[in-house]
Novice: 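Sending over a structure as structure tokens; questions will come in a sec.
Just so we're on the same page: letters track the sequence lines, and every chain starts at 1. Model, not experiment: these values are computed from the prediction. All values below come from the heavy atoms of this structure, side chains included, with hydrogens, waters and symmetry mates left out.
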2 protein chains.
Amino acid sequence: MPPKDRDAGAPPRGRDAGVPPKDRDAGAPLKGRDTARTRRAVLDAAARTVARQGAGVSLDVIAREAGVSKSGLLHHFRSRDELLRALTQDQVDRFVADVRAAVDPADHAPGRLVRAYVKVIFEDLDDEAVVSEHLLLAAALSTVPGVAGILQEDARQWESAFTADGLHPDRVLLITKAADGASLATLYEGGSNPAALERTRDLLLSLSRGEGPFT
Amino acid sequence: MPPKDRDAGAPPRGRDAGVPPKDRDAGAPLKGRDTARTRRAVLDAAARTVARQGAGVSLDVIAREAGVSKSGLLHHFRSRDELLRALTQDQVDRFVADVRAAVDPADHAPGRLVRAYVKVIFEDLDDEAVVSEHLLLAAALSTVPGVAGILQEDARQWESAFTADGLHPDRVLLITKAADGASLATLYEGGSNPAALERTRDLLLSLSRGEGPFT
DNA sequence: GATAGCCGACCATCCGGTCGGTAGTACAGA
DNA sequence: TCTGTACTACCGACCGGATGGTCGGCTATC
């Protein structure tokens, strides 16, 4: 369940919703008061800093990156644990949305969801900042009380979605686990090797089309 | 590269090497002075506590678990980072040794190393304590300076070992990545489902024998 | 007697979280 | 449209506790 680091998210509900994307989370202080926007800024900052420094980042660092004070952060997330839980949920939601959006509307063959899944994972792997993110999140998991439950729920939903995708269960299992493993690999294999990644990706995609590609 | 939590390791070089396995790392203070034994105790304690509490465990907790004082620990590992680096290297070495030992001597068909790899990974996955360990280690990675290099070196060695294993590269890629992914999955799918794990394992093993098992 | 494994006490630092206060913001009423 | 008021996003200062690491000393071992 790798995430994306790209900007924005749900448009803020507040008055001046259409803020110029300029001053979005750069460490610069947020202008005006807008709960939704601040929460987004904090969540994005948390994702970035966790990816960069590990699950042990201090609230202060996250807050500064988001352009608020630590107290300001604590006003929106009552504790560190709550922040990390919200972060986890956010990343999971984003990933789900990304995969849904990546489903090819012209593709009606079995395995279309699996293909979207593979595509999104490998898209994320090109982006260095994102790579370790979901791994480190998983690391924070064991410490933070609620996180495991969120991930389990997510896994359950994927499983049922995949069974409706029309592919042989073993094939789904193999492809998705391999995609997950590939995302793990970029972490300990060092800066991703784009060529190898693409090869893996193409292999998985062809497998999802029912081909048995190797001799 | 999941590790094992089982006791011992290299037999200590000191005088009373054959200590009764009774008082091995249980939090009980070590008796006698033996560098090798103490280092082992600390490394094992570190592996256990990291698996249990995440990469953020304090030196004090690790030390107590190993039956030494924090100062005693610091005497053998000059800093926290050095400890975590040594731990990483240790786990990597153990995993390599486990896989080597798991190679079936009667098995001379292509893919014998891949089969051993798969077997060892899934053996570890049954053990709850071990599950998250290598994941959390990977998390400590991003923080601790030297760790990434250790893991990269390890990955390189596996790659070359696998190319000598006689299987089609794509097949190796698929199987090993899927095994890695499965180990990831036990983390966020919650307490491993033994039946599903065994099914995945058998699928990967049959794939390693050149079969193309699904329709 | 020398080396080194090991310890207790100590220290500077950092971190999560609290508290009291300030100032944008929204809204009611005129 | 202006004003007053209630609300709340946000902040700086602060606190208790924990943590990584140091230091000087003790003693088991060679």
Novice: Nearest to the A:His75 side chain among C:dT18, D:dG21, D:dA9, which nucleotide is it?
Specialist: D:dA9
Novice: Is it true that, when you exclude A:Glu159 itself, more than 12 heavy atoms of the residues, nucleotides or ligands shown sit nearer than 6.0 Å to its CD?
Specialist: no
Novice: What nucleotide, of D:dC10, D:dT27, D:dT22, holds the atom closest to the side chain of A:Ser69?
Specialist: D:dC10
Novice: Expressed in angstrom and rounded to an integer, what is the separation of B:Leu74 atom CG from D:dG25 atom P?
Specialist: 19 Å
Novice: Taking the minimum atom-to-atom distance to the side chain of B:Leu59, which one of D:dG20, D:dC23, C:dC6 wins?
Specialist: D:dG20
Novice: Inspect the surroundings of CD in B:Glu198 and state if more than 12 heavy atoms from other residues, nucleotides or ligands are less than 6.0 Å away.
Specialist: no
Novice: Picking from D:dA9, C:dC7, C:dG16, which would you name as closest to the side chain of B:Ser71?
Specialist: C:dC7
Novice: Would you kindly give the CG-to-C1' distance between B:Leu84 and D:dG21, to the nearest whole Å?
Specialist: 15 Å
Novice: Could you tell me the separation between the CG atom of A:Asp60 and the P atom of D:dG12, rounded to a whole number of Å?
Specialist: 11 Å
Novice: Report the distance from atom CZ of B:Arg37 to atom P of D:dT29, rounded to the nearest whole Å.
Specialist: 10 Å
Novice: Should the side chain of B:Arg33 and the base of D:dT27 be counted as holding a donor-acceptor pair, with the cut-off at 3.5 Å?
Specialist: yes
Novice: What is the distance from CZ of B:Arg78 to P of D:dG21, rounded to the nearest Å?
Specialist: 12 Å
Novice: May I have the distance from A:Arg64 (atom CZ) to D:dG12 (atom P), rounded to whole angstrom?
Specialist: 11 Å
Novice: Need one value for B:Val57: base, sugar-phosphate or nothing, where a base atom within 4.0 Å counts as base even if backbone is also close, heavy atoms only.
Specialist: sugar-phosphate
Novice: With heavy-atom distances below 4.5 Å as the criterion, would you say the side chains of A:Phe162 and A:Leu173 are in contact?
Specialist: no
Novice: When you measure from the side-chain N and O atoms of A:Thr35 to the phosphate of D:dA9, is any distance below 4.0 Å, counting only OP1 and OP2?
Specialist: yes
Novice: Are any of A:Thr38's side-chain N or O atoms less than 4.0 Å away from OP1 or OP2 of D:dC10?
Specialist: yes
Novice: Starting at CZ of A:Arg80 and ending at P of C:dC15, how long is that distance when rounded to a whole Å?
Specialist: 10 Å
Novice: Any donor-acceptor pair under 3.5 Å between the side chain of A:Lys70 and the base of D:dG12?
Specialist: no
Novice: Measure from CZ on B:Phe77 to P on C:dC6 and round the result to the nearest Å.
Specialist: 11 Å
Novice: Any chance CZ of B:Arg199 has more than 12 other-residue heavy atoms, nucleotides or ligands included, within less than 6.0 Å?
Specialist: yes
Novice: How close do A:Leu113 and A:Ala161 get, heavy atom to heavy atom, and via which atoms?
Specialist: CD2-CB, 3.7 Å
